[in-house]
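Bear in mind the structure is a predicted one, so any value in this text is a computation, not a measurement. The chains referred to below are lettered A, B, ... by the order of the sequence lines, with proteins before strands, and numbering in each begins at 1.
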2 protein chains.
Amino acid sequence: MKVIVQKYGGSSVADPERIKNVANRIARKVRDGFKLVVVVSAMGKTTDQLIALAKSVSDRPDERELDMLLTTGEQVSCALVAMALKDLGIRAISLNAFQAKILTTRHHTNARILDISLSHLKEYLKDHDVLVITGFQGVTEDGHYTTLGRGGSDTSAVALAAKLKCDCEIYSDVPGVYSCDPKLVNRPKKWPYITYDDMLELAATGAKVLHSRAVEIAKKYGVKIYCGSSFTEEEGTWVVDRLPEWLEEPVVTGVSLERNQVKVTITDLTNDAAIVSDIFKRVADRGINVDMISLVKNGERTHVSFTVVPDKLDGIKELLDDTLSDYGAKYHFFGSFAKITVVGTGMRSSYGVASKLLEILSGEGIEPEIVTTSEIKISVLVPEEHAQKLVEKICYAFSLVEE
Amino acid sequence: MKVIVQKYGGSSVADPERIKNVANRIARKVRDGFKLVVVVSAMGKTTDQLIALAKSVSDRPDERELDMLLTTGEQVSCALVAMALKDLGIRAISLNAFQAKILTTRHHTNARILDISLSHLKEYLKDHDVLVITGFQGVTEDGHYTTLGRGGSDTSAVALAAKLKCDCEIYSDVPGVYSCDPKLVNRPKKWPYITYDDMLELAATGAKVLHSRAVEIAKKYGVKIYCGSSFTEEEGTWVVDRLPEWLEEPVVTGVSLERNQVKVTITDLTNDAAIVSDIFKRVADRGINVDMISLVKNGERTHVSFTVVPDKLDGIKELLDDTLSDYGAKYHFFGSFAKITVVGTGMRSSYGVASKLLEILSGEGIEPEIVTTSEIKISVLVPEEHAQKLVEKICYAFSLVEE
């Protein structure tokens, strides 16, 4: 029995015509001899609409009930896909998280998958060629619905593929993984293969084609992911552990851009690691995610900069007002920055990416506010108004556009 | 522990404001010392919209998948009601058919409730003051969703009340049981009490305030039903086994009107009971519901008339073409009739209702096409264009309007 997992995103099932199109694609695969586990997201913008509905009933909707509400979105699309498949003569059945026994933790709106009953899936696969399973959702041991957070349907699909030890095809309205967002640069390169590590960095810094949690699970369990478009037959991208040997590894595989960053700078701290650690601990305790951090010692004093997103500003201000008076330090905010990240597993074995990147910036007369690096990526914080132009320059410099 | 079941129909939860209104009503009852099991229908026209969605994907949607689709409607409204209740500080939880363990037969789109786990409900009632349970739906033993057919939420509510041995309050946009549809006659009487038997006949002949299956269960298990409006504080109607002794029983409690009836007449059948029985058996085998039947022997020949709704005409024609040639009989259709039904348990101990009714018709110069009677009702088939005027005359004659 050849089994494959396919996942269709919200835009792929946004209306009845698209649902029928998806059913036709699935039916073709069945006729090719496969059994399929198909994970479907809610139709189009359904999840956003349900959240808006909840907020019109309650300012702070109870999370257990919010999950109860949101899980209906995928149940609707799964039932419709199964109907369309049965119309094509395919033995299909839709299953929600109760029926597919997708067991999760109790963290409503942000649960983690604990287990999926393999014997149960196999039982259903005996009598059916296609199981259409609700993505994004699970149930707790004591029978409450949970959801897996944004991008959760990708996670559901990869977890199912890990359990079934098969490949996972993820379909959306984007036909693969590109070196850069086509809205930022003309004709970015589409990769036939990309590594889990590169994909993780790209997903974490804004590429929306695949959710990073899903990539983490895929990496952990060695699930090969194929990213393609449900609207075309164009070849997509395989996300794999390592590139095929015949393929020359590019040094840089992607450039991403995150706009709307605020830089917070704390100056004149005493040189004491405990102080800096204390500040970031308090920030984390508030549930505020700090992104780029740079620290400079200047004689007797330490200066720290980091970035946050604007909606966390009030929280940060309040906290720093409380904290910094204890340490006799000051803080400042600087707005309207963008973070550009250059990603590439190839950097591990190649030098000069950082210097080349800084050279491009300096050629434009721009000094980065913060620079952070890891083994396989470099991020620079630059004034937002120059970001678009810089991304283009970087793409050309690193051969990330089709010639 | 004082427990009560309440049911809110689709119009009572049609939008966020109405949902909050319902939550306030429930909260008041909690503060009065009750624990509540609240059954909620899908918001407004949701079920119709979901059916339309299914039909846009498949001409004949698979019934198992249709149930999977439709059950989402009540889950949405239940989650929202529970959210609104929690906002008011009420310990509430929403439960779908899986969670409330409402076990049904496997007849998708038209299942019957087999059992509801009482111990399970009581367990939930320990930690919560309100269980908000999805109406209209159940699950089979092997974990598939079912729905109970139109009006199924009333059935869910009464079945829960039967199980919990408590009263059942059914709220809609109609503030009780009236002697006649207010669209047909000005100021019909609203009854403070009505018997199960009267309610059954009225529900079966078009009064939409309460579904007849729900009344049957209530009668069987002695569940007292209260019908009221969720929009006013106006006193509603109690549906009970017998009227309170102090209340004088009206002879006639209701007049209903069903439009759009077609009369089928078969003439010149040989006088043979087996033939008539064979014809009606064949009709039933086709799933066609025949309503009023009258049979007249005329010498050697038998003539039969009955009514059907227009969308069954093609089926009936095909069948009679096949059947009647065997018997050398002919058939005719006559269109545009309406059936007026006069209901009253009081008829059991009162004479003259039929003659009074026929007198009203004759006063208007109308001869009924068919008359059928039972112990507690009389129905007449009349030309549709006279129906409205006749209903009014009948209401006045039997004192069914407020003075």
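- Chain A is approached within less than 4.5 Å, heavy atom to heavy atom, by B/Asp87, B/Ala92, B/Ile93, B/Ser94, B/Leu95, B/Asn96, B/Phe98, B/Gln99 from residues 87-113 of chain B, ordered by number.
- Scanning residues 9-20 of chain B against chain A with a 4.5 Å non-hydrogen threshold yields B/Pro16, B/Ile19, B/Lys20, sorted by number.
- The 12-atom threshold is not exceeded at CG of B/Asn289, counting heavy atoms of other residues, nucleotides or ligands nearer than 6.0 Å.
- Residue-environment remark: CG (B/Asp314) stays at or below the threshold of 12 foreign heavy atoms within 6.0 Å.
- Annotation: residues 55-69 of chain B contacts chain A through B/Ser56, B/Val57, B/Ser58, B/Asp59, B/Arg60, B/Pro61, B/Asp62, B/Arg64, B/Glu65, B/Leu66, B/Met68, B/Leu69 [non-hydrogen atoms, separation under 4.5 Å].
- Within a 6.0 Å sphere centred on NZ of B/Lys165, heavy atoms belonging to other residues, nucleotides or ligands number 12 at most.
- For residues 74-82 of chain B, heavy-atom neighbours of chain A at less than 4.5 Å comprise B/Gln75, B/Val76, B/Ala79, B/Leu80, B/Ala82, sorted by residue number.
- In this structure, chain B has heavy atoms under 4.5 Å from both the backbone and the side chain of A/Leu53.
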